Structures are given as C-alpha cells and as structure tokens.
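Shown next, in structure tokens, is the structure this report addresses.
Letters A, B, ... mirror the listed sequences (proteins, then strands); counts begin at 1. In this text the structure is predicted, and so the values were computed from the model without any measurement.
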Amino acid sequence: MKDNKIEFRVNGETRIYEGDPLRRLLDVLREDLGLTGPKDGCGEGECGACSILLDGEVVNSCLIPVGTIQGQEVLTVEGLNETDQGKCIVEAYADAGAVQCGFCIPGMVMATEALLRKNPSPDEAAVRKAISGNLCRCTGYDQIVDAVLMAADRGKGLW
Amino acid sequence: MVEFYYPETLNEALELRSRTGALPLTGGTDLMVRYENWSSLPPRFPGSIMALKQLNELHYIREEDDCLCIGGATAMNRILEDPRIPEALALALDEIAAPSLRNLASLAGNIQNASPAADSLPPLIVMDASVRLVSSAGSRDLPVQEFITAPGRTVLQQDELIESVRIPLSFVRQADARQAEKSTIVYRKVGTRKANALSKLSVCFFAHCEDGEVKDIRMALGAVAATVVRLQKAEEKLKGISCGELETVWKSVKRDFEKAVRPIDDQRSTAFYRKRTALRLLDDFISRLQDQPSA
Amino acid sequence: MSHPISRSVRRKDAVDKAAGKCMYLSDLYPSAPLYGRCFYSSIARGRIVSRKLPPLPEGYWIVGASDIPGKNSLHMLIEDWPVFADTHVRYLGQIIYLVVGPDKQKILEILEAIEVEYEEETPCYTLEESAALVGGAQHGEDNVYTRYDINLGDIVEPFKKAARVLENEYYTGYQEHVYMEPQSMYGEWLDDSFVLHASAQCPYYIRKSLKGALGMDPEKIRVIQTATGGAFGGKEHFPDVLAGPLAVAVYKIRKPVKIVLDRKEDLAYTVKRHPSAVHFRTALDSDGNILAHDIDLRLDGGAFASCSAVVLARAVFTIGNVYNIPHIRVCGRAYCTNKPPSDAFRGFGAPQAVFAMESHMNYLACETGTDPLEYRQPYLFKQGDVTITEGRVHEKVLLPEMTERILEMSGYREKHEEYKNIPGKGIGLSYFLHGCGFTGNGERDLIKARIYLKKNEEDRVFIYGSNVEMGQGLMTTFCKVASRALDIPFDQVEYVQPDTAVVPDSGPTVASRSISVVGFLVQKAAEKLKDQWVSGQAQEIIQDYEPPEGLVEWDQDALKGDAYPAYSWGINVIEVEVDPVTCEVDTKGVWGVYDVGVPIDRQIVEGQINGGMVQALGYSHLEKLECRNGRFSQATMADYIIPTSMDFPSTQSDILDNPFEYGAFGAKGAGEMVFDGAAPAFTAAVSQAVDAVIDEIPVLPETIMELTDEGQ
C-alpha cells in the first residue's frame, strides 16, 4: 500500500482504491464497482451470501477491510460467470432446481467453485461440508447438493 | 481518529505496535464482527488498526526448538492442510465456523480473542502449547494457558504481537499414529448445530497407557468456566495408576474436581447442561480408557 | 400416474439468480440519496412522557407521529398498530421515529442523541399474565384479540360416560423467518403519488395499509414488488409496518428514501411465528377409543393484532387434523402481550395445531398401550366425512395409499419395533392436512381475486396478477399453467412483476392459495383466450374468482361450513439417534409422502418439500428463540440457529396425484403443508429414543438432558 492507494484485481481488472481502507470489501464491490452479485445477508460472516474468492480461496467479503487485500485477486460471481466453469455451475444450479428465492445462490456458486477447484469429484458429504458456511432458508439444501454433483459430473476436465 | 497501518515487515509492525499500540488484525473474523457497524459503514474500531495478514514472516509451519511452530498469521485452513498437525488440533480447527471463515481466521487470532468458548484452546492446552510473543525489545514464550487470564483478556503487552504458536514435538510424537494403540485422544465440540456453530462446550482429553499403567493423562474443558479449564490436579492423581483401577479411582476423586467446572447460563445453553455434559464426557473418556484392549 | 404438467422445466428466474444478475432491492439502489433508520422503543410498555430531539443539520429529518398527514394507524385486519408510537409504547422495538438523511454515520449520531423518557408500566409477557390483565387490559377488556369457539357434536355426554379422561398440554416456541434478504424498501414521490418499491408478498396489502395514514386516494399509492429474497410470511404484513414510517417521511420530504434493515434489527424487531399452548382433555371408552376432545388453544399474539385472528382461525380449524372425531369442543384465543407482534409464518397456525394433535395422539396411544400408527387408523378421514366445522371432506382421501407408501419407503414398522429395545434410537410418524386458500368465505367476500391475461401482436402472452415470486416458483408455475392451457410453448408466456399501477388485485401471496386459487384463474383465462385466439392481434381476458360449487355454505358467525374447499395431505417419518453422553440428536432419516392434488412442477414441489422439511426440523429442535423482558435473547445469526447443509440428511419423498377439480390442472396448495408435520414426527422419534414424553418444541439437548439425566 503506497500513498494510501490500494491496488488489487477484481475479475481480472486492476483496481486502485483510495478511500477508507477499513471499509468492507463487500461494500466496495457493491457500491463502488457495481458488483451486486455478492449480497449482504448478515454482515457478520455467518450466512455466506457475500462469498467471493480471494486469491482462489472462498471468503466472506463482509469480514474483510479493503485495506488488507493489497495485490490480491478478487473473483466475484460476475467474473466467474464469464468462465466455462462458472457457466457450468450456474447451468447446473438451474437444472437441478437448486434456486428458489436466489439470495444465497451467488455465494453458494462461489463456494461450489472453490470446492471443485480443490476436489473436482466430490461426494455428497464433501459437498455438504463445502457449503456449510452458506445458509439457505428455502431449499433445505438437497437440490443444491444435486446441483454441485451435477456440475462436477458435467464439467469433468474443467477443474 | 482511527488509523489503518499496513506494515510490510515484522520489524515495521513491531515498531508501529510499540509506537501506536494499534490493534493487530489478521483474519479479522472476530474484530470485524465485534465492531460491526450499520451495513456499508466501516466498523467502529475503538482505536487504530494494523493489518498483519500480509507479513510473509508470519506465514509458516515448521519444526524448530523441539516444537511444531505455526506462524501467527497462518490461516486455519492452511494449518489444516499440513500433515504434521496433531490430530487433536486438526479436529478442533476443522469444526470451527465454516470453510470460508477458516480461510481468513488465524490460530493466533483465535487465541488472542480469548473467548472461553474458543475451540482451539482445549487441544492447545492439552498439548502444553505456548505462544511466542515478540516486541521490538525481544521475545518471550508463554504457555497458552497462562497467556489467557479472563474472557477477552490476555497478558499481551501494548507493544507485543503473537509471532507463533508452538506445540511441543514431544507431544506430537507421543500422540503420533505409531503410538495410536497406546494413546487416546478425544476432541469433542458440543455446538449449537452440526456445522458453522459456536460451542456450548468443547473438550479435549488425552491419555497414554502402556504396560497396563496410565503414563500420561490430560483433560481440558472449554466454555465451562471463565477460561479453559485443565484438570491438572486430577491428572496428577490418575497418572501412574493401573488402567484397571482407573474408573474406581476416577469415581473417588472426581467430586474434588467438579468445582473447576462452573459454567454459566446464557442464550446458547444452560449451566446445568454444560456441567452435566462435561462430566459425562469425562466419565465416558475414563470408561473408554478402562475398556481398551491395551489397558 | 403422473400428469404431464408435472414434468419439470427450468425456472424462469434460475439462471439470472445463480449468476448474480437478479437485482434485489438493495442491488437496485446500492446507494441511495437518502437513508432511513428507525428509532425503536427501548422498553416493553409505558407512556412516553418527554422527548428531546437534537438539532438537525441541513438535509436531515426526524420523522414521527406529528408528521402523519392522515390517521396514525396501519390498516391490517384492524387498525390498532400505529405508524409511529405517539403517547404509548407496547413493545420493545416499536418504531417511534424514522431518521432520514444522506450520511449513515450522521444518522447514527442523530439516533444516539434522541432522548425519549418513558413512564414504565407493568408489561405482560406470558399468556397467563395477559389473561390476568397484568398492568391493566391493553386490548379490549380482556386482552383477547380474537376468540373462536367450536362445538362439534356434544362433548358433555361422552365425558360423562368416559371410562378414562386423559389430559396433557403442548407448547411450541417462537420462530424467526430468516428470509436471507432482510426487509428492504425504497419510497419516492412521483407525480403526486407515493411510489414504493418493496421486497414483499402482498403489494395490495401495503396500499390498503397506507391509505388512511397518508389520507390519500389509493390510486395515488403505487406499490411495486421487487425480487424477493425469501419471505415465508415475514413479508406478508411486516412490510406495512416499515412502509408506514417510510411513506410519511417521503410525503414530508418529497425525496426518495431507502430502508434496508440490518440483520440484527431484522432479528430483534420484526414479527415471529406465534408461540402456542394447547391443552387437551380427551374422553376414552374402556377400550381406549376416543369419544371426544375438549381443547383449549392459546396463541401469543404479541403487542398488536396484525393477522392473529386469521392465524387463530387456521389453528382452530386444523386442530382436529386428519381425524374424524364426532365430538370436539375448542376454545381458541389469541392474546395480547408486550412482545414484538406475532404474525404470519409458513403454516399459519397449522403447525402449532398439528404438533399438539399429533403429540396428543402419541400420548393417548402410549397411555392405552397401543401402537401409535395403529391407534390412528380407525379415525383417519375418508371422503364425505364431517370436518370440525361441519363441512365435508369433498375429495378422495389417499391416506391409506400414502400410509402404505411411507411405510415401504421408511421401514417405519420394523424400525419402530426394533428400536423399542435399543436405547438412543427412535422413529416417529405424523399425519397432517392443510386447507387450501383463505378460510371460510375469504376468497369470495374479501379477496375477490382478479387476473388479466394479455396477448400482444407478436402472440406473446402476459400474466397480470398481484401474486409474487418469492422463491416458491410462482413465476414459472403460472406460466406453465397458461402455456399448457393455451397449448403454446412455455417461453411464449411471461409473468408480469406485480405493480399496483399495472396488475389487478389477485390477492396476497399467502395461505397456499396462489397455485390452487389464482392458478386456476390463470387456467380459465387461458382456456378463454385459446377459444378466442386471433394470431397477430392484441387480446385481453379478465378473469374473476368464482367460488367452487357444491360446498357447504360458510357461516362466519357460527364458524360452520366448509372452512376450505380442499385440503393437501401429508405423512412424515423421522428417524433419530440421541447421543447417550451429550443428548445431541442426530437425524438419520427423513421421509414424506404428500397429496398436493397435481404438482404443477415436480422439481418445484420437491423444492418446497425439502425446504419446508428442513425449516420445520429447525423449528423442532434448533431454532430456540427466547423472549426475556420483551427482548429476544438470540440477537445475531450466530445465536439464532437455522439449519446448515450438514444438519439433516436429504429428504426422501413421494407425491401421489389426486386432482382437485377447482385447482389449476388439479393443483392444491403445497408451500405450507410441507412444513406442518415434521415437528411431531421428530419429537415422537426422540421420545422413543429417550423413553420420555416430549410435549414441547424446540426439543433441545438441554431439555433431553433435564428429562433423562439421573445425576442431577
């Protein structure tokens, strides 16, 4: 961080941020960059609706002061959806009936991507564990689990 | 005015720390929640903040000085991925919050937060782990149990940081897989649900039995008192006795140690439940030891 | 045999939602010109004796009761809930002011500087305190919002000749909705009109609620629904409560204002499911057969009436559950207490009633030494049977087939026998039903639903109604119904997002009515359009509600007749293991068999089944919500425990077709019924595992420890 400028990449583009370094990354993404895919569901790292990937790891963007991500790579659902992997996951969610109200789903999709990068052929238990920080109040999770398994199956070789 | 500092080396961090007393923020998972503000406003930190996550010097896991040392900024998930991590700690970390949180949260932060319900503490205390505290003036090692003095309170000085968490290799070896038949390790978190949960209580027990005798036994319980409880006096009474007598001896002494288990009622659980469950987990552990083929 | 319409299609909203493109209210206006935040009462009951407001910087406002252009009341069922507390407060969290301005930090400073002095009065927090008029009556003369009495047959004789009378009481706790999207709305002043964008279930309810407060022609109040991130009843009436202060502020300031509740505010101050206490006295003959029930059913309504009367009605009309018992007396009452108001929540009184009745059936079976499954069989409703309100069960009842199916799927009979000898293991079963649509004459006399079906010159068809998509799949199922009736491709039909300036009032999105009642109007309109279809020409059909024929006329004063035109039915089986050391419950198996008429989309109905089941299992044993001195103890999402993906195994379900003549392609309601049965099946399973009677939910490890621990 030089001269109070924070430089990081979001969905492949370099961004330079000069505001309050203590603002939450979630707010910078939503308010400054217009990336409203990450949602504010609880503001305390409990619900996972704000999940993004930071240097490839899934994290809660509501818990990250933007000043701490100098030089790091942020991927939001908007960026993921431009990739073959992202499209595969989104399509699987749609086909498996995993989407109801949808508010938690962008976060779920990011947790799914993080899982499949580490484990491209997960079993049901691994899927349930990987999304355990993403709360959903509509689906009871069964069809979300189906969607992740479907994405893994259809996307063989992508991850 | 709340300042935000972003040191690039540990030395710079220590200099800043001694000069400003800025609050160290590593993963931020406790501090960002504690000082949470109205959505889209920065948190209401009580003083200046210093980021530590970027310090490469604090990201490591290595063996030195007969200890397995974990750098103070190492995220829980990185620790979990390391095969050298003792099972008791791995079990505890694996049940803390959820994967996304464990990618941010550090073990050192969990210790410094000093919650009576911090899940990493019972195993660390059972393992006699210590923290290395560093300042511009030097460094000192303190057992984790002595480091934490009360809920949210530690002996960390205004100019100090947790450089690493250190687990004695003697314990790692004792609890090692090769000793598995002789040693028993139990970690049990009783949470509010099966994942992404806070603890009603959590316990870690260890025993090493050989030649029909209890060579070593250690018992730590979290969230049953103001700080994590290690039943050292009970351990002394049980060490050296024959495994066959364990249950009888335990029954005769356990009343003396129940006093150390003095949980509270809160919104998460009841004092009655915490106390009964803690004692039942202890009873269960002892009876499992007694029933072991090697015992 | 499965109906062709049940074949699943991809939901219209799925891809946009998954890709993060769907815009919820907070996304539409990520930053607003002006924000609003409420100043809430800090005490549960008292008189406001003085207020001290800080000086305001330019561009900031404190809006309160004195700014209201019309009446200081929101029009729900009655008009007891004020827009702003003025002279009195009745619950901790009641809105006294709305502070509005451009900078959130500044708003917080203003809120902290507001001083309200109260003269505290003695609050009543329990049903007993309310009935005893602690601190004086607050609603009417007896604190009872509504009382409904049912007298089916005559219980006097059966109780006289009873060989045994067994009694017990059953309790259910609060539940918070935890829709993932917190309450959100945005109001603005446009062309002499108040325009509200809101995450809400019932756009026309909001309009009605605001009419008196703004003193405006309803046509000048426009409500536009935005993509709704979950609701479950929590966005039925509560949006009225936030829209009131927001509307008054926008009326005064004439600038756009946005309110999005933080999760902690949402948990602390929004409405919850009604806690209940149900007392049963049952007369049995010498063989243990049920002669009559005498039931006292009480709901804790909280500080304002909201829709407690209707929740009570459904609880009372559902308390008989699936059983044909000729003599039942019910005294049902909803009480006023000094706690945040209780309100609509998926199931709407039915889960409380079903829990009580099913738990009581288990208790009777246990006391008479009968198997709980066998004990129920002689009483199961059959077609033509008389309901608790002297209506009829008009439809064919598939309970025997459903029973056979669930026994086969779950292995209930064998496991129930086996677990008698295995401590720590248990399996439980429940039967339940859910009336479709509004109670009694509601659809005909109060709602009078209307929809439009419009076709443009490109032959694209648009559905206009006020029922919202809130996750349940309505946008998709409505289009399926129209496309099938028109025999045109699904993609040729579109659903129009509700906007009171554009869509007619087809009623609220509640009461398992959308697909069965309004969906039927969509079908009828589509059939008419098909008959009149002229390609390349714009056409429009207006379809009004027509009551089904052959019903027993409803008498609202006597509470007699068909309370509902049809019922959805279900059976659940839950299998558990209880940890012998910690008393934690591990759910090992979850099964459900359902009759929802005809599922309009199997995948969507399965989504309702799975989601309803997990939400109900949370209600059964995770979601503890305690109100102490008027304040909920569980203040954050780390404290209030909703299920994660790891808590329950997947739900194994089956759906049997049983077409309903007056539902869209035979559909009955599904969204609520799937919630109703899990709690009693779960407690029955735990009860077997720990060999103790469980008569209260949530059943926590703490409860089980207290029931079973001998070392205390």
Is [X] in contact with chain A via its backbone, its side chain, both, or neither, using a 4.5 Å heavy-atom distance?
X: C:Thr476; value: neither
X: C:Tyr29; value: neither
X: C:Pro182; value: side chain
X: C:Met470; value: backbone
X: C:Ser26; value: both
X: C:Phe232; value: side chain

Thinking salt bridges, do [X] and [Y] make one under a 4.0 Å N-O criterion?
X: A:Arg137; Y: C:Glu623; answer: yes
X: C:Asp27; Y: A:Lys39; answer: yes
X: A:Glu91; Y: C:Arg10; answer: yes

Top contributor to chain A contacts, counting heavy-atom pairs under 4.5 Å, from [options]:
options: C:Asp16, C:Val260, C:Val614; answer: C:Val614
options: C:Cys22, C:Gly611, C:Gly618; answer: C:Gly611
options: C:Pro643, C:Ala14, C:Ala227, C:Ser645; answer: C:Ser645
options: C:Val9, C:Thr228, C:Asp647, C:Thr636; answer: C:Thr636

Between the side chain of [X] and the main-chain N/O of [Y], is any donor-acceptor distance below 3.5 Å?
X: C:Gln615; Y: A:Gly140; answer: no
X: C:Gln608; Y: A:Cys138; answer: no
X: C:Glu181; Y: A:Gly41; answer: no
X: C:Arg11; Y: A:Val99; answer: yes

Check your understanding: So which of A:Met108, A:Gln100, A:Arg30 has the biggest tally of heavy-atom pairs under 4.5 Å with chain C?
Key -> A:Gln100
Practice item. Give a yes or no on this: more than 12 heavy atoms of other residues, nucleotides or ligands lie within 6.0 Å of atom CZ of A:Arg154. Key: yes
**Study point:** Over 12 non-hydrogen atoms of neighbours within 6.0 angstrom of NZ in C:Lys106
**Key:** no
Can you tell me how far [atom2] of [Y] sits from [atom1] of [X], rounded to the nearest 0.5 angstrom?
X: C:Lys21; Y: A:Glu78; atom1: NZ; atom2: CD; answer: 9.5 Å
X: A:Cys42; Y: C:Lys264; atom1: SG; atom2: NZ; answer: 9.5 Å
X: C:Asn610; Y: A:Thr139; atom1: CG; atom2: OG1; answer: 8.0 Å
X: C:Ile609; Y: A:Asp142; atom1: CD1; atom2: CG; answer: 10.5 Å
X: C:Glu606; Y: A:Asp146; atom1: CD; atom2: CG; answer: 9.0 Å
X: A:Cys47; Y: C:Arg263; atom1: SG; atom2: CZ; answer: 7.0 Å

Proximity breakdown for [X] and chain C, heavy-atom pairs closer than 4.5 Å:
X: A:Glu46; value: side chain
X: A:Tyr141; value: side chain
X: A:Ser132; value: both
X: A:Asn134; value: neither

So which heavy atom on [X] is nearest to which on [Y], and how close?
X: C:Gly230; Y: A:Cys101; result: N-CB, 3.2 Å
X: C:Pro649; Y: A:Arg128; result: C-NH2, 4.3 Å
X: A:Leu135; Y: C:Thr644; result: CD2-CG2, 3.8 Å
X: A:Val77; Y: C:Ala19; result: CG1-O, 3.7 Å
X: A:Phe103; Y: C:Tyr24; result: N-OH, 3.2 Å
X: A:Ile105; Y: C:Ala18; result: CG2-CA, 3.5 Å

**Study point:** Flag side-chain contact, heavy atom, 4.5 Å: A:Glu44 against C:Met637
**Key:** yes
